[in-house]
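Okay, structure first, notes after.
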Amino acid sequence: MNKTMEGLYSLLYLILILTILFSLHTQIAHKLLIGHHPLHLKKSPHLPLRFSSDGTFKILQVADMHYGTGVLTSCKDVLASEFHYCSDLNTTHFLKRIIEAEKPDFIAFTGDNIFGSSTPDAAESLLRAFAPAMESGLPWAAVLGNHDQESTMTRLELMSFISLLDYSVSQTNPSVEDASSAAKGDTITDIDGFGNYNLRVYGAPGSHSANRTVLDLFFLDSGDREVVQGVRTYGWIKESQLRWLHGVSKGYQDRKEDCHLLEGASPSATPTHCALAFFHIPIPEIRQLYYQKIIGQFQEGVACSSVNSGVLQTLVSMGDVKAVFMGHDHKNDFCGNLEGIWFCYGGGFGYHAYGIAGWSRRARIILAELEKGEKSWMGMERIRTWKRLDDEKLSKLDEQVLWELHHAK
């Protein structure tokens, strides 16, 4: 066989191989189509969470979006004169506006993200509800409320799905390492609910605390509905969740990771670990705030569980949680202090959620600030909060200090 024929056979063989490979690629790509869309790999945020170089960490709390299906989902409790046409798109527009205006470092969704009974497809509703957060590229996290699971997904499926969305740092169950256990890499299964987890926020880049936890964000599943002695009531945070929460806090304190640390801090200073907590359904003690000084509006009864599981006592005993952020009661947007811990409502955010006609939808902002040392940012100095209204100017109101280092001393 001459060299010309050998070259021709080699070329034909190469063409045959390329044809087979192309065919296999086409078949595999077709099998990877999910709902007629190509397989999508999750986009992850830059981690760990950390304070900005200006010594601040800003959180946007979004409570009760109650998202349905989009443009076809009507608004509730709005003035007829306010919008030519009002739908879930108003909720989306508000979320985009507030992200652009406040430029948060992190977004916390505190439940009833979708209104399950108003959507035939929970996954599609979640994608639309969280779309502005995913498009922003900001890290975000969510817990479930009492309406999220009323469509086509269970609470486990919902949290699993949410954890896989772009830039989400949500978790279905806490990791064993967050429970001060020697085991690593596993997740805790003997804990009630779905969406119990802890996120650590590190110090500013280049500072002495750049590789240390300065602030902790605790997320808890407060459940949906339950029956107690034949009477239907709202869910509550269970004993297993409180054990885990207390274990995480104790683990940090044992390692002496305090929020006011390193250079400039007195060696004899009492360590104070700083944390914030986020969940949906308020605890029974919130009712006491009706008779106390609050900042904001108390406009409806507290819709909590008939069971008091001891959440307040656990938080007080931990000593590190400075404030708690909730949703559920849309007409309440106040902050009140119970035994040294501030409890704050986010206020109703979504337009498919009930509210008060003429009372603007709103969002809560939380700003954590570091103390400036002689050469570097140090530990936590202050935690502030305020609200933004979905009006023409995104009006700012009820700014207050929730915790301050020197005042705490």
Side-chain angles (χ1 to χ4, degrees), residues 60-99 107-133 142-153 158 222 224-225 232 234-235 279-282 286 296-304 325-334 344-364 387-392 394-395 397:
L60 164 62
Q61 181 198 1
V62 178
D64 300 275
M65 284 194 293
H66 277 235
Y67 205 93
T69 59
V71 68
L72 298 179
T73 301
S74 62
C75 295
K76 295 181 180 179
D77 299 324
V78 295
L79 297 174
S81 60
E82 283 188 296
F83 304 104
H84 294 297
Y85 187 79
C86 184
S87 71
D88 280 334
L89 300 189
N90 292 82
T91 302
T92 298
H93 183 58
F94 181 26
L95 186 50
K96 288 181 177 179
R97 287 182 73 205
I98 200 71
I99 291 173
I107 307 172
F109 294 92
T110 51
D112 281 0
N113 311 293
I114 64 174
F115 194 62
S117 59
S118 292
T119 177
D121 188 334
E124 185 66 27
S125 183
L126 287 169
L127 286 170
R128 293 184 180 186
F130 293 130
V143 290
L144 301 177
N146 53 292
H147 288 299
D148 292 280
Q149 79 292 334
E150 293 174 344
S151 180
T152 56
M153 300 173 78
L158 287 164
S222 56
D224 51 277
R225 287 279 195 171
R232 197 163 180 248
Y234 283 110
F279 50 81
H280 182 70
I281 299 174
I286 300 299
Q297 300 296 314
F298 198 144
Q299 301 179 117
E300 67 172 304
V302 178
C304 59
F325 302 93
M326 325 161 285
H328 193 53
D329 302 325
H330 310 170
K331 299 177 187 178
N332 294 336
D333 72 345
F334 63 84
C344 298
Y345 278 104
F349 189 97
Y351 280 87
H352 187 52
Y354 76 83
I356 303 174
W359 196 64
S360 299
R361 265 56 175 185
R362 58 204 59 216
R364 181 170 291 282
K387 290 164 295 194
R388 289 280 191 182
L389 306 185
D390 189 22
D391 56 16
E392 185 178 348
L394 285 176
S395 299
L397 74 161

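Keep in mind it's a predicted model, so treat the numbers as computed, not measured.
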Legend entry - Spatial distance of atom CG (L394) from atom CD (E392) [nearest 0.5 Å]: 10.0 Å
Legend entry - Centroid-centroid under 6.0 Å between Y234 and H328 rings: yes
Legend entry - Taking every non-hydrogen atom, the tightest pair across C344 and R364: CB-NE, 3.8 Å
Legend entry - Audit row: R388, S395, side-chain contact (heavy atoms from CB on, under 4.5 Å) steps and yes/no: CA-CA 5 Å; R388 289 280 191 182; S395 299; over 6 Å; no
Inset, instruction - To the nearest 0.5 Å, tell me how far S151 OG sits from L158 CG. - result: 8.5 Å
Inset, instruction - Report yes or no: does T91 contribute a side-chain atom to a donor-acceptor pair with the main-chain N or O of G350 at less than 3.5 Å? - result: no
Legend entry - F349 side chain near D390 side chain, heavy-atom distance below 4.5 Å: no
Legend entry - Nearest-0.5 Å distance, CG of residue D333 to CG of residue L397: 7.0 Å
Legend entry - Side-chain touch Q149/D224, heavy atoms, less than 4.5 angstrom: yes
Legend entry - Heavy-atom donor-acceptor pair, E300 side chain to H330 backbone, under 3.5 Å: yes
Legend entry - Atom pair SG/CD1 of C304 and I281 - distance to nearest 0.5 Å: 9.0 Å
Inset, instruction - Of all the heavy-atom pairs spanning P282 and Y345, show the shortest one and how long it is. - result: CG-OH, 3.6 Å
Legend entry - Close side-chain approach of Y67 and L95, heavy atoms under 4.5 Å: no
Inset, instruction - Please check if the side chain of T152 supplies one atom and the backbone of A122 the other of a donor-acceptor pair under 3.5 Å. - result: yes
Inset, instruction - Apply disulfide (SG to SG under 2.5 Å) to C86 and list each qualifying residue two or more places apart in sequence or on a separate chain. - result: C75
Legend entry - Check: R128 side chain, D88 main-chain N or O, donor-acceptor pair, under 3.5 Å: no
Legend entry - Exercise: identify the closest heavy-atom pair between L60 and A363: CD1-CB, 3.8 Å
Legend entry - Backbone of S87 reached by a side-chain donor or acceptor of T73 within 3.5 Å: no
Inset, instruction - Please check if the distance between the ring centroids of F83 and Y351 is under 6.0 Å. - result: yes
Inset, instruction - Apply ring-ring contact (aromatic ring centres under 6.0 Å, His included) to F130 and list each qualifying residue two or more places apart in sequence or on a separate chain. - result: F109, W140
Legend entry - Spacing of M65 atom CE and D112 atom CG [to the nearest 0.5 Å]: 10.0 Å
Legend entry - K387 backbone acceptor or donor facing R362 side chain under 3.5 Å: no
Inset, instruction - Provide the closest heavy-atom pair for D77 versus Y354 in the form atom of the first, atom of the second, distance. - result: OD2-CA, 3.4 Å
Inset, instruction - Please examine the side chains of T110 and V62, heavy atoms only from C-beta on, and report whether any two atoms are closer than 4.5 Å. - result: no
Legend entry - Exam field: side chain D329 to backbone N332, donor-acceptor pair closer than 3.5 Å: no
Inset, instruction - Measure from the side-chain N and O atoms of N113 to the backbone N and O of V143, and report whether any donor-acceptor pair falls under 3.5 Å. - result: yes
Legend entry - Short side-chain to backbone donor-acceptor contact, D148 and I114, under 3.5 Å: yes
Legend entry - Residues that F115 engages under ring-ring contact (aromatic ring centres under 6.0 Å, His included), provided they are two or more places apart: H66, H147, H352
Inset, instruction - Taking the side chain as every heavy atom from C-beta outward, state whether P132 and T92 have any atom pair closer than 4.5 Å. - result: yes
Inset, instruction - Without swapping roles, check the side chain of Q61 against the backbone of M326 for a donor-acceptor pair under 3.5 Å. - result: yes
Legend entry - Non-hydrogen atoms of A63 and G327 that approach each other most closely: CB-CA, 4.1 Å
Legend entry - For the student: nearest non-hydrogen atoms of R232 and R225, plus distance: NH2-CG, 3.6 Å
